[in-house]
Amino acid sequence: METTPPRGRPAAPPLLQVDSVTLAFGGVRALSGVSFEVQPGSITAVIGPNGAGKTSLFNTISGFYRPTGGSIRFRGREITRLPPPERARLGLARSFQNIALFRGMTVLDNIKLGRHAHLKTNVFEALAYWGRARREEAELRRDIEERIIDFLEIDHIRHAPVAALPYGLQKRVEMARALAMQPEILMLDEPVAGMNREETEDMARFILDVRAEWGATVLMVEHDMGMVMDLSDHVVVLNFGQVIAQGTPAVVQADPEVGRAYLGSGDVQSLRAKLQAAARQGVAA
Amino acid sequence: MRIGTFKESYTADAALFDSRTQHAWLAIAGALLLLFPFVASDYWLYMACLVAINVASATGLNILTGYTGLVSLGQAAFMGLGAYTVAIMQARWGTPLLLNLLGGGFVAMLGGMVVGIPSLRVKGLYLAIVTIAASFIAHFLFANFQITGGTAGLSMQPGRILGIDLDTSFRLYWLIVPVMLLMLLGAANLFRTRIGRAFIAIRDRDISAEVLGIPLLRYKLLSFGLSSFYAGVAGGLWAYFFRVVTPESFPLSMSIFFLAAIIVGGMGSILGGILGAVFMTMVPELLKLVVDLLPGSADLAVFLSPVRLVVFGALIIGFLVFEPLGLAEMWRRTRRFFHLWPFRN
Amino acid sequence: MTQTPPDLVLEVNNIEVIYNKAVQALRGLSLAVPRGRIVALLGSNGAGKSTTLKAISRLLALEDGLLASGSIAFAGQDTAQLAPQQLVRRGLSHVMEGRRIFEDLTVEENLVASTYALSGRAGAGRPDFDLVYEYFPRLHERRRGLAGYLSGGEQQMLAIGRALIAQPTLMLLDEPSLGLSPKLTEDIFSIIARINAERGTSMLLVEQNATVALAVAHSGYIMENGKIVIDGPAERLAGDQDVREFYLGMGASGEARSFRELKHYKRRKRWLS
Amino acid sequence: MSEGFDWAYLFEISLTGVASGGLYALAALAFVMVYKATRVVNIAIGEMLMAGAYLFFTFASMWALPLWLAIPAAVLASGLLGAIIERTMIRPLLGEPPISVFMVTVGLASVLVGLVEMVWTADQRRLPDFMPTQPIVIGEAFLAPKVFWGAVIAAVFIAAVLLVFRFWRGGVALRATASDQGAAYSVGINVPRVFSLSWVVSAMLAAVSGIIVGSIGGISSSMGVFGLSVLVVVIVGGLDSVLGALVAGVVIGLVEALAGAYLGGEYKLLATFLVLVTILMARPYGMFGTREIERL
Amino acid sequence: QTGEDIVIGGSIPMTGVFAFAGVGINAGIQDYVKIVNDAGGIAGRKVRYVPEDTGYKVDVSVAAFKKITSQNKVHLYYGDSTGFAKTINPELERNGNILMAGASFATELNDPKKYPHQFLVGPDYTEMFGILLRHIAKEKPGAKVAFVYSDSEFGRDPIDSSEALAKQLGLSVPVKIMTPAGSVDVSTEVIKLRRAAPDYTIFHGYILAPIPEFITQGKQQGMKSKWMGTFWTMDSSTVMKMGPDGDGFMGVMPFRYYYDTEKAPMLEKIRAMRPEYQSTAYTQGFIATMLFLESAKRCLEANKPLNGDNLKAALNSIKDFDTGGLIGVPITISGNSIPVGRVYRADMKAQKMVAVSDWIQL
Ligand SMILES: Nc1ncnc2c1ncn2[C@@H]1O[C@H](COP(=O)(O)OP(=O)(O)OP(=O)(O)O)[C@@H](O)[C@H]1O
Ligand SMILES: Nc1ncnc2c1ncn2[C@@H]1O[C@H](COP(=O)(O)OP(=O)(O)OP(=O)(O)O)[C@@H](O)[C@H]1O
Ligand SMILES: [Mg+2]
Ligand SMILES: [Mg+2]
């Protein structure tokens, strides 16, 4: 299996190493022997058909699932047994496929929450709201306002309760919260699902900017092939819990197995022709 | 969205009370609290103290149930722990009042944290019943131990502070109300910081909170601890207030009372806890006043008493059907109305 | 405002929707679905697409929404007096956004629940589970498992499968491709096209994937801020310059734009002016 | 173990425990019906038992109707009461936080107690005897006839409900409604009907159970405390499990009987609650309850 | 200081678990106040009765007390529960103006040192047991007596001391059964009881349930015990609710029943005022008021101001006082209680309680 260094960068020791990870739920094998590496500063995409195990892989990396076998290393350190909050503290930040915002909080509080693991205020300071509590909160607020809210262009909703926001904005708040976690590695699970082209482009721009301005490494799961192929340095293809291919977008795209299992095609016109053909065939049958 | 206020800084935006009107209201409320004891009759002072104790305890429960989402029906038992601790400390060691209150708080806190241990696995109503179990176990201990005076319970001397015997509602008022205000302030502060946010996150979705960096067990225990600390202190105040502590002083119905208070008032809102506790404590009394105003009350009272039960229940139902998010939500709505008035569409 | 022409299975007239007695989400929206046609409804996040569908299927009340004015007619009949389940039983199925499957039920029980849509409907065939399993073999494999443990895409399959069981005459689809792989998206849209061709099921399709939506639809609407801003046959929309730029991701020259070369400043949409 | 151990005593006590567990199970079933379909925790279940018992009391003792008429009349009237409760207090809260609905049932309990005291006063009363008075004798052991027949009736009802759920798709509709009301509407389930049905059936079951419990212990406006034991049973069995109600009813009945017999009355509650906590630590959703799906 | 009303305050449980008694108590107090007022009051002063419902909850009772005492000049007070009596005691001491009685017969309250301004309207629970045990010892020396009581302060109150007394009287107590509060199904307890085969079973800490079930099941299982109860069970209407199996149920009662035929002028007066049956709770409230006002009268006649000490002293000065036949013997109140009573037995055919012993004075 080949691993290509990210475009235009010298090879560096990998930031994240997933080594023959296996995960089973009763009879269902969600992951079997998955291995790949994420290079620092890269954008790595995990793609694959529905049910291939992508989200399970993310859950395993962030510690929500314990793998049945294999190991995960972050900056060379073994984290397979580390509880999730510890991993968050190390800088493994993520967003969720099924939006997991805290519906009882405002956008701002949701984002603030992301910083939790990096703050130090204890109960007594909190009850008195004095000293460190006051300082930390002020600092956090400024940081979030200036670096995240402005950056993601969500200033108009900062005091809105998240529950009533439209889907696309909720996704953006998810991203904001992940950014507030001070990510070393930012894991995005389907960041542009439910977005139209325009919004997808916005999100793509954010992702590029995050890497450029924050120096974060990005690991994402996404079904929008246009975006994946354009943005990623490295693509990992999962099918039935196994890595069936990985490499640069060009390499992956050329892999015939990947095409069969996964990739769709075309613009409106050709797609229309294809769909109509399918329908006619159905009627005839 | 509010109109007409423009924040100068982020700190100002995060302040508890942010507008000039709010400061004015606060000043008025403070003045009223200060004046009240000098104008009110013994009965109203008594009620004020009782309300304040209930507000303190309800606020504690609100931390646990309203903000952290762990439904507890053990608040009365934790109050009992606090009350017994205070009574025992006072009788055995004669320690000073404030220390006793703290002691009551801490013992209750320990109790709360022990009860909180199952909360990592056991959730929702299942957990609520575990807290009921805990309160029955507490009752059993109260009723069957020597140190707690068995079923007869313990009687106390009035509390002493600065050489003054706290033996009237007037004097107790000056202990109970300030302590309650301090506790309210603490709770309000808490939810401006990472700890309060973590509680809310656990309430909304605990598993994702964990992945975002919140150690669940530690925070659930913390919430249980804080909540029962509040209960314990409130229970201590209760002990100084009634001066008799028996196993039957803290029945399950009292826990339900507190739960009702925060639900009717509005869960996850400090104001909700206050409004709810005031409502639940005062409504039965006010209903009595209404009955008294009716002519020929003596004979009528017999018949009207069950009517009061019905009206009380119906009020709870009516409020919730009308506004399931509680009194605090109604208050917010009214405020919004006046803020936007006359620009409402 | 006049009588419903007979070939419209759905007619939405000038509706306004208000959430929580405070937030106005739709402001005088009108649209129509001709019988046997697929109509796409496009629009950016928060435009009010899901709200429109919920208004039609009368599920608004559950989310504290209120249809404040306007009228909706399904198969020529005003829906104002009908309960949501009555609409479903008359053949109007709504596949809700965010999958909304019954997590505590098994896959097969989800389908069983859906057979209620056929209750009391004259001429309804027997519920055909095999059809669903044929379309989505993956569901067949997992049919005894709890639906809550399915992957996102599998849940989406189940949601569509459930609507198939209901044998609707009008299907409201809210982002059916959400979270589906490109291949499966295509498959599902072939199925949609097939159902439409085979059974004459009319569809109102909300989609963010404009490419597939315009490929399968006969006509479309584009909405912004609770109102329709343009409409027309699908081909014409696909040819519209703004649609191409904002929905299909094509540069001015008609070439597919790359995500790497995005500008920070965008042209204002024509329909917002 | 020791030679003097009185096995006959143990047997007799256990028998009684199991039988009285049947009574718990029936009341628990009434609770489970509502929870299963509507996710409403009906804290007023004990008061609904009471209402059923008082209706029976009215028909049988005050109006002197014959028993074969009084019992069905009380059960039907309770069903009507259930329908009214559902329509006026529960349905308006469709889609609101469950805890608010929970609180509404607390209010309901207060209303029911008040109504009973208004109409029938707060005095304790006795229901007419309608069960055979011949004690059931098994070997050396006596079993109180009311308890025995109560348990038999309970078993019949529970078996019936279990069968209904097995062979009728309505069971699926019930669970679907509980799982997601909006989605239930969207597949054509008549959600309001499911709601009323479950409340009506639950109120009727509660009435049956109230009549039996009342005929054993008498009735009064405070007999709602029986609801607490019911709550323990449904938690041990699993909130939404019919089978759980049955098994847990028997288990709790047994534990209470044994604790009462060998440790003393003050240990009864203690023992049941200790059992409850132990079971929950091992199985957080009761013995047969559905676990909540936790996924990210 | 004439002209001012004499106020009797009352925390009365008109709802809740004790409502059955509260309603009767309320009527009893009202009626005696009316009788006195109709006769011109006490030393020319009118008597006013100010009740509040408590629901039998201590904190509500205390609130009622505060409310009534802050709005009226109260010298006499009727309180409901033991818990209330204990809770309010420090307040009473501080206030110093009030004499209090109540619905509680708790042994603990029968202590003039700890509760100097309170008294019990009858024997305390231990004394009630004493009366029953004496009766038993006379009827069947060496009998086996079982105690069945509820797990509450009320239930546990007399048990330990009475076990000792039983030993003294040569009786044995083969089994003591405590039932959890509110339990209805008592089959296991019945089994336990049957195996102890007592000659007498005394129930305490209940009103009605679960006593009938105990008796019914006990009889079905062939028990030969006689069944007994204490004051709050012994109201005629309560016992009659036990049905046919209640026939022969016995218990201690310090007062005459409404329908007693022995000469009692006050009973006749009551029957004239209220033609329908009145409960023993009614009588209890009635006698409490009678003693209140007698003490007040004695104070006023001695020209002493109405305060707690004087009132209590006046109460304790009562010797061989005639209650108009409500209590069958003249009473003397030396401490906090009136330790007299007699044993009555239920006659289901006549639907009446009939006396089976003389008045027993301890
Ligand atoms: N907790 C669980 N219990 C049982 N099965 C599970 C669980 N979590 C995931 N699965 C199964 O594991 C497989 C992989 O699921 P996963 O969510 O990782 O897929 P995915 O690649 O993210 O798919 P999608 O693109 O549709 O989101 C699926 O078949 C799913 O049903
Ligand atoms: N339950 C609700 N309460 C309050 N406001 C709501 C609610 N649901 C939607 N809204 C508001 O109504 C508007 C329209 O929302 P809707 O969900 O219909 O958008 P949409 O077009 O479907 O967007 P998306 O593409 O993100 O799904 C949004 O501004 C949203 O904030
Ligand atoms: Mg996924
Ligand atoms: Mg939408």
Side-chain angles (χ1 to χ4, degrees), chain A residues 58-59 62-64 83-90 92-94 96 98-105 108-110 112-130 132-134 136-142 144-146 156 158-160 162-163 177-178 180-181, chain B residues 1-2 5 7 9-16 18 63 66-69 109 182-219 221-223 225-226 229-230 266-269 325 332:
Chain A
F58 264 35
N59 282 339
S62 55
F64 183 64
E86 295 294 316
R87 303 191 200 200
R89 197 199 303 271
L90 289 180
L92 276 91
R94 70 174 286 190
F96 300 89
N98 299 314
I99 294 180
L101 291 176
F102 301 108
R103 299 174 67 82
M105 293 188 200
L108 189 60
D109 279 343
N110 262 286
K112 281 183 181 170
L113 190 102
R115 187 62 55 84
H116 182 90
H118 298 288
L119 300 180
K120 307 222 149 38
T121 302
N122 64 30
V123 198
F124 302 105
E125 291 159 342
L127 287 170
Y129 201 65
W130 201 250
R132 180 157 57 181
R134 190 175 282 263
E136 265 187 359
E137 286 301 315
E139 202 175 307
L140 172 62
R141 179 71 192 273
R142 179 157 3 88
I144 286 174
E145 289 282 353
E146 286 165 9
H156 57 297
R158 64 160 84 79
H159 289 300
V162 289
R177 187 177 59 190
M181 292 173 76
Chain B
M1 266 274 158
R2 308 258 305 270
T5 45
K7 311 289 158 35
S9 70
Y10 299 132
T11 331
D13 194 18
L16 274 183
D18 52 358
I63 294 177
Y67 284 102
T68 321
M109 183 172 92
L182 217 59
M183 287 162 80
L184 280 180
L185 185 69
N189 279 338
L190 192 68
F191 293 99
R192 302 201 276 166
T193 66
R194 71 174 197 137
I195 295 184
R197 283 194 296 271
F199 287 166
I200 302 176
I202 290 172
R203 171 190 73 191
D204 285 358
R205 194 116 196 273
D206 57 354
I207 48 179
S208 43
E210 186 176 25
V211 173
L212 292 174
I214 296 166
L216 287 187
L217 185 60
R218 190 186 309 162
Y219 274 84
L221 288 186
L222 184 59
S223 183
L226 269 174
F229 179 83
Y230 271 60
M267 301 226 298
S269 144
L325 299 180
R332 274 193 287 271

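Convention: sequence-line order gives letters A, B, ...; per-chain numbering from 1. Owing to the predicted nature of the structure, the values given are computational and were not obtained by experimental measurement.
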Side chain from CB out, backbone as N, CA, C, O: work out which of these in [X] comes under 4.5 Å of a heavy atom of chain A, or both, or neither.
{"X": "L216(B)", "value": "neither"}
{"X": "A188(B)", "value": "neither"}
{"X": "Y67(B)", "value": "neither"}
{"X": "L182(B)", "value": "neither"}

* What residue in G63(A), A128(A), A133(A) has the most heavy-atom pairs under 4.5 Å with chain B? -> A128(A)
* Asked: Which residues satisfy the ring pair (Phe, Tyr, Trp, His ring centres under 6.0 Å) test with Y230(B), sequence neighbours excluded?
  -> none
* To do: Using a 4.5 Å cut-off on heavy atoms from C-beta on, say whether the side chain of F96(A) contacts that of L212(B).
  => yes
* **side chain to side chain contact (heavy atoms under 4.5 Å, CB included) evaluation trace for N189(B) with L127(A)** => CA-CA 5 Å; N189(B) 279 338; L127(A) 287 170; 5.7 Å; no
* side chain to side chain contact (heavy atoms under 4.5 Å, CB included) between I200(B) and D109(A), worked out -> CA-CA 10 Å; I200(B) 302 176; D109(A) 279 343; 5.8 Å; no
To check you understand the geometry: which heavy-atom pair defines the closest contact between [X] and [Y], and what is its length?
{"X": "R203(B)", "Y": "G104(A)", "value": "NH2-CA, 3.8 Å"}
{"X": "A198(B)", "Y": "H116(A)", "value": "CB-CE1, 3.5 Å"}
{"X": "L113(A)", "Y": "R197(B)", "value": "CD1-O, 3.3 Å"}
{"X": "I195(B)", "Y": "A126(A)", "value": "CD1-CB, 4.1 Å"}
{"X": "S208(B)", "Y": "F102(A)", "value": "OG-CE2, 3.9 Å"}
{"X": "G213(B)", "Y": "A117(A)", "value": "O-CB, 4.1 Å"}

* To do: Under 4.5 Å, counting heavy-atom pairs only, tell me which of V211(B), L226(B), L222(B) racks up the most with chain A.
  => V211(B)
Is [X] in contact with chain B via its backbone, its side chain, both, or neither, using a 4.5 Å heavy-atom distance?
{"X": "N122(A)", "value": "backbone"}
{"X": "M105(A)", "value": "both"}
{"X": "L140(A)", "value": "side chain"}
{"X": "R87(A)", "value": "neither"}

* Asked: Within a reach of under 6.0 Å around CZ of R132(A), are more than 12 heavy atoms found that belong to other residues, nucleotides or ligands?
  -> yes
* Asked: About how many Å separate CZ of R134(A) and CZ of R192(B), when rounded to the nearest 0.5 Å?
  -> 6.0 Å
* To do: For R194(B) and T121(A), indicate whether the former's side chain and the latter's backbone hold a donor-acceptor pair under 3.5 Å.
  => yes
